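Computed from a prediction, not measured in an experiment: that's the story for all the values here. Below, each value reflects all heavy atoms present in this structure, side chains not excepted, and no hydrogens, waters or symmetry copies. Residue numbering restarts at 1 for every chain, and letters A, B, ... go by the order of the sequence lines.
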Amino acid sequence: GAVVSQHPSWVICKSGTSVKIECRSLDFQATTMFWYRQFPKQSLMLMATSNEGSKATYEQGVEKDKFLINHASLTLSTLTVTSAHPEDSSFYICSARDPGLMNTEAFFGQGTRLTVV
Amino acid sequence: QKEVEQDPGPLSVPEGAIVSLNCTYSNSAFQYFMWYRQYSRKGPELLMYTYSSGNKEDGRFTAQVDKSSKYISLFIRDSQPSDSATYLCAMSASSGNTGKLIFGQGTTLQVKP
């Protein structure tokens, strides 16, 4: 099946710095990717929809200037957490759907655990 | 009210038991229903996918959708310790690759040997 790769799998950064997370579709072209955030023992909360070649669509309450999304190619979307603070510490997961498949199966990356100290 | 409600558990069962996991939802536009399994510190992996109402079986797993009641279920037969994970239901109104998924809170399952 289709594979989505996310990198890095974990990162620790200092408060005030920025962190970039990459999400790649390995064997299909994804015009749309999704970024989720997950707190411990909670569900995945959709942050934004990343659209190739255009601006991302952010969910209500998500700061677009803090969570910068770039989808510059059909196989790569990046999420940059700018000026990170301890409250941004979370598990970030991307997903994409293969437009070549009949169903709506979404493939997920391995997730990135961000710890801001 | 959340769009998708799921009992977070935790749910603890002995090995070999039948497990029933459920979600309710409020948006009647949802037509595509999925169950994902997530191990600790990993991304979710798709277990079952169902379109509209009905049943679908895959090995030890059976997914049921009752759109009239806005209720979906996942049954696990002959549960194994390796089934211990968090199970997330997810739903979408759109079949296209741009349709976003709405997730339940996830139910933590522990299968004891």
Check whether the side chains of [X] and [Y] place a donor and an acceptor atom closer than 3.5 Å, and report yes or no.
X        : Y        : answer
A:Thr115 : A:Trp10  : no
B:Glu5   : B:Gln105 : no
B:Thr62  : B:Arg77  : yes

Under 4.5 Å to a heavy atom of chain B? For A:Leu46 that would be side chain
Select one option (side chain, backbone, both, neither) describing which atoms of A:Gln38 are under 4.5 Å from chain B's heavy atoms. side chain
Please state whether the rings of A:Phe108 and B:Phe103 are parallel, tilted or perpendicular, taking 30° and 60° as the class boundaries. perpendicular
The interface call for B:Gln6 against chain A, heavy-atom contacts under 4.5 Å, is neither
Considering only heavy atoms, which portion of B:Pro8 lies under 4.5 Å from any heavy atom of chain A: side chain, backbone, both, or neither? neither
